Structure formats: structure tokens, C-alpha cells
Amino acid sequence: MARPVLLTVDDDPEVLRAIERDLRRKYANDFRVLRAESGVAGLEILRELKVRNSVVALFLIDQRMPGMSGVEFLAQAIQLYPDAKRVLLTAYADTDAAIAAINEAGVNHYLIKPWHPPEENLYPVLDELLEDWQSSFPPQFEGIRVLGNRWSPASHNIKDFLARNHVPYQWLDVETSGTDAEVREVVALLVEQEKKNLPLVILPNGLRLSEPTIAELAEQVGLKTRATQTFYDLAIVGGGPAGLAAAVYGASEGLRTVMVEREAPGGQAGMSSRIENYLGFPSGLTGGDLARRAVVQARRFGVEIVSAEATEVRLDGPYRFLKLANGEELSCHALLVATGVQWRKLSAPGVERLTGAGIYYGAAMTEAMSTTGEDVYVVGGANSAGQAAMYFSKYARRVVMLVRGSSLGASMSQYLIDQLKATPNVQIEFNSSVVEAHGDNHLEAISVHCTVTNEINRVPANSLFIMIGAAPNTDWLGNLVERDERGFIFSGPLLMRDGKRPKGWTLDRDPALLETNVPGIFVVGDVRHGSVKRVASGVGEGSVAISFVHQYLSKVV
Ligand SMILES: Cc1cc2nc3c(=O)[nH]c(=O)nc-3n(C[C@H](O)[C@H](O)[C@H](O)COP(=O)(O)OP(=O)(O)OC[C@H]3O[C@@H](n4cnc5c(N)ncnc54)[C@H](O)[C@@H]3O)c2cc1C
């Protein structure tokens, strides 16, 4: 594949040469560096690149240029290359304009001139943006292919698993074989049995997996499904923000750390199409990006990430044994439960049967492309539903939010309410709930009950995304740790009853702030009783818990 382009535009020839020199020095092996002395000349280059089917990864553009400002140039450039990352070069006096441009032109970053030394002020910023770009940009395809039917739950699960684990794949919908020559060619190569047993995953080494389980797939795409050691200082169950933070802090402070995750690192946050309130990311970032960065960080410190489900814990003296769904067992001194929450199921006739075939829990970003030009229904009135509606509004003809309450104020952040109101193809229906889903092989219509008129309307629908709150993942812990009536785990002072320590407690101290009623078993994030359900609080708890783990280990080891 031809190298993607980095385009820089500046009207000052000397500055332009300096940027070009710095860009070439670091990126010449992987990218083509092109330059232009004006916005008009820059656009000319872009049109030419488009005709040749070349790819642009990043724009580095001066804001203050005669004729066309940097922001004006970007507004036109992103029509041609919407996925390219955008960096604005500004003088100190122009920072207000640059901050405004974060919204106007979707600028990812602004750099204040001069940027010397580039090692400190230029390359780290560009490295991160280019990494993000590379992870989301589908290059000319050479990897895994998934052949299946859009309405098949099994196909959806495979796509979702690969996407959330950042394994690139190409989706081939058999239903399009009439119109898509590539799909037709692949289908023609299959044996009859394979055609009958879709989905089929075709690996780059030629291996073909018919209807693979997630565990088989994980193994084949190179995810680690077994722990390499039998004993760890710290085992973490759950790889959401809380588990990942604990993993990074634990391993960076010298603990032999394993993190067991049954789906994909990132947890719920990994499903978020845009997290706008996480400190340090003024223009927001996708949950996928956050998860990918955290995984890189965890791996760098030596965290072992195992793709498996924890199904049981048992105690033996100072050892905690964790049983995995694949039958393996690993042991540790400290165990940290960070299993978060999962979507509450919508109970209405037809919903369960059609889940994965037009009905999805969560934003199911893997399905967004398939909704292009269609009507999409989103059930829920909290932030996650709002984010999903904003995300789908980029693809769908119309997004209808079905909200049970009579307003959004109590459940959704104001910034999201403002965004929804300003998006013309998003429509919010209050006092509405889905009471039935219809369709034979896939969703074809839903019945919506309005509590004000008490009427039930049946409307055609192909896609329904449900986000109606969440319940904790704690059944697998059996009776070992104390929970509230909804299943959230108690910790620290909440375990003390009438000044007494929990039953069976063996240490001569009270349970630590994030410790459960079992010494050495800690709990962090959304699964903890009383937690604040936010990315930042999960990350905070995950990192703080490590100091309690150290305290505990100093007495048992
Ligand atoms: C769509 C969406 C958008 C959101 N947007 C925002 C936002 O903009 N800002 C914000 O602050 N918060 C947001 N949140 C909330 C935020 O994502 C959560 O508060 C946060 O992810 C909680 O982190 P956690 O690590 O506690 O749990 P989770 O993120 O729930 O992660 C738990 C992990 O544990 C794994 N797991 C569960 N059981 C097992 C088991 N038995 N074995 C192995 N693994 C297991 C799960 O697969 C999961 O990956 C959003 C949530 C959603 C769903």
C-alpha cells in the first residue's frame, strides 16, 4: 500500500520548510510528507490525491494565513478526507480561536509556535494522533474476513468481539452477493457445508472457521486465552477502566499482575462512541481509543492479559484461586474484582428472540454502518443512550430516542442534551416504551406504548438499540463476598455492623476502604456498592486500590 500522506500548509516559506524537515526526520519511512504554501494550493493537492485514491492521515495547518485561514482550509479539507487527523498551528495570541476550532472544524489538537524541540512539543502529539488514525483507518485489506448475514446474532457477536479487541477484519454480508462482486467471489470458493454453517471466519493464513465460538476465535486471532503462570501477586477480574487502572498501577509498582477479561479490555467505556468528560482530552476520545491506549500501557508494564471468563473463586489459606471458564485455575495472593455492570434486559415479547438480529444492547458500534440511511430506535434516557443517538445520527436517516420519563434533565448530562437538541435528525419521544418487537428472522417493527395517551403504535423498525440501565456481574462469586440486594459488592466501612468486623474476618484491622469482607479480595469500579458510575472514578478507584493491595501483601507474604 502507498504510504499515507501528511500534509502541512503554511504561508511562511521558512516555517513551512522547518515543519517539512521535522516531519520528514521522524515520519519519512511510513508517511509521505507533502507541503503547500496556501490553503488554495493545499486543496489543489488534496483533490489530486483523491483522484489517485491516495490516503491522507494528518493535516498540520497554520491558522493565520492570508486568503484562507487554517480553520477555513480544514472545513473544506475534511469534506475530502473526513478521517484525517487535524492539527492547527497557532501563535500564542490565537489560542482562543484554536479552542473554538475544536468544535467548528473538529480540530484534534492545536500547537503553539514555535514547537521546538520537536521531540518534546511536536512528535508526542503527532505520534498519538497517528496511532489513533492507524487503528481506526481500514487499510487496503489483507487480514481476517468474516462472512455472514447481517441479521445473524452469531455474526454480530463475532464482529463485536473482533472490533472491541481491536482486531481488524473485513465484513462480507452474504446477502449482498447479488451486487457485490467481492462477496460473490468469496462465496463461490466455499464448500456447501461452509455456506450452510455461517458465519465463517477466514484467517490470513487460510484457516477457515465455521461458526467459531468466541474462545476459539480468541485463540486463533492471537489473544492469550491461558495464563502463563500458576501464581500471581495480583489477579484482576474485569478489564474495564477500573481493572485496567489497577493493572497499570499494580504492574508498574512491581506486582506480578494478571488481568482476566471475558470480552474485551475497555469494558462499558470501550463501547462509548465519545467520552467527553475524561480529564485531559478536551476534544473527547472514543472509548475504543481509551481502551487501546490503556492496554498498551498495561502491557508495557508487563501485565498479562488473559481473554477468559472467571467463573469461581475459592480460598485456601493466604491463596485465592480463580477458576476460568476454560477449566484452568490460577492462584494469587490479592484478588481485585472489577467486573462492572452489564445491560439490563428489556422484557417485552419478541425482544429476546430478535436480540442480535436487529435488536442490540449497548451502542453496538459495529452495526452503525449497516444502519446508513435507515431509521434507528434507541431506548433509554441516560448518557449512554444520548451518546449512542449522537453516534447513529451520523449514519442513520433518523434516530428516534424512546424515553420512558417525561424529560432528560435528571438522567443525562447537559452537554449531551444540548448536542441532541442541535441535531436535526434526532427525535426524542418522551413517555414512551417498547412493549413488543415483531419480525420473523429479524426485527421488522416495534410496538411503542405512550403513557400519556395510553395508545400503542406499531412502527416499522430494523434497528433497536437498548440502553436501559445496568446490573452488576457478581453471580460468579457465589456466597463468598457480601453484596446488596441488587448484587453490588460492599466494601470498607460499610461492612462494619455495630462496630463489629465482618463474620469470618481474620485480620487484626478493619477492612480497607476498597476491600470486601474477605481479606485480600478488593473491589473497584461500577460493581462496588455506592460507586460513582464514571470512567474517571473507576480509574481512580483502580489506582487507589493498589495501595491497599500493598498493605495487605506486606502482612501475608
Ligand atoms: C455507552 C456508554 C457510554 C458511557 N460514557 C461515559 C462517559 O462519557 N463518561 C464517563 O465518565 N462514563 C461513561 N460511561 C460509564 C463508564 O463507562 C463506566 O462507569 C465504566 O466503564 C466502569 O468501569 P468498570 O471498570 O468499573 O466496569 P466496566 O467498564 O463495566 O468493565 C467491567 C469488565 O469486566 C468484564 N467482566 C465481567 N464479568 C467478568 C468475568 N466473570 N470474567 C472476566 N471478565 C468479566 C466485562 O466484560 C467488562 O469488560 C459510559 C458507559 C456506557 C455503557
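Just so you know, ligand 1 is whichever comes first in the structure, and atom 1 is the first atom listed for that ligand. The structure displayed is predicted, hence computed values, not measured ones.
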Any N/O of [X] closer than 3.5 Å to an N/O of ligand 1?
X    : result
R164 : no
A310 : yes
M271 : no
P241 : yes
W343 : no

What atoms of ligand 1 come closer than 4.0 angstrom to any heavy atom of [X]?
X    : result
A338 : 32 (C), 33 (C), 34 (O)
N277 : 7 (C), 8 (O), 9 (N), 10 (C), 11 (O)
G340 : 27 (O), 28 (P), 30 (O), 32 (C)
V260 : 43 (C), 44 (N)
V341 : 30 (O)
A264 : 49 (O)
G239 : 33 (C), 34 (O)
V237 : 40 (C), 42 (N), 43 (C)

Please work out which of [options] has its closest non-hydrogen atom nearest to [atom].
atom                    : options                : result
atom 38 (N) of ligand 1 : V524, V306, T339       : T339
atom 35 (C) of ligand 1 : E261, K533, R274, R262 : E261
atom 8 (O) of ligand 1  : R528, R534, M259, Q387 : Q387
atom 16 (C) of ligand 1 : V535, L324, V539       : V535

Closer than 4.0 angstrom, basic N to acidic O: yes or no for [X] and [Y]?
X    : Y    : result
R150 : E367 : no
E131 : R293 : no
R509 : E515 : yes
D418 : K421 : no
D375 : R398 : yes

Can you tell me which portion of [X] lies within the under-4.0 Å heavy-atom range of ligand 1? Options are side chain, backbone, both, or neither.
X    : value
A470 : neither
A308 : backbone
Q342 : neither

Check your understanding: Non-hydrogen atoms of Y278 versus ligand 1: any pair closer than 4.0 Å?
Key -> no
Review point. G525: heavy atom below 4.0 Å from ligand 1, yes or no?
Key: yes
Review point. Do K159's NZ or CZ and the ring of Y169 fall within the cation-pi criteria of under 6.0 Å and 45°?
Key: no
Exercise for review: Report yes or no: do S347 and K345 form a side-chain donor-acceptor pair below 3.5 Å?
Suggested key: no
Review point. With under 30° as parallel and over 60° as perpendicular, where do the rings of H442 and W151 fit, or are they tilted in between?
Key: parallel
Exercise for review: Report the relative orientation of the aromatic rings in F490 and H529; use parallel for angles under 30°, tilted for 30 to 60°, perpendicular for over 60°.
Suggested key: tilted
Study note, to complete from the structure: To the nearest 0.5 Å, atom CG of L126 lies from atom CH2 of W133 at 13.5 Å
Check your understanding: Which value, rounded to the nearest 0.5 Å, describes the distance between L330 atom CG and T230 atom OG1?
Key -> 8.5 Å
Point to revise | Validation row, ring centre F392 to ring centre F465 under 6.0 Å | key: yes
Check your understanding: Between I144 and Q220, is any pair of side-chain heavy atoms under 4.5 Å apart?
Key -> no
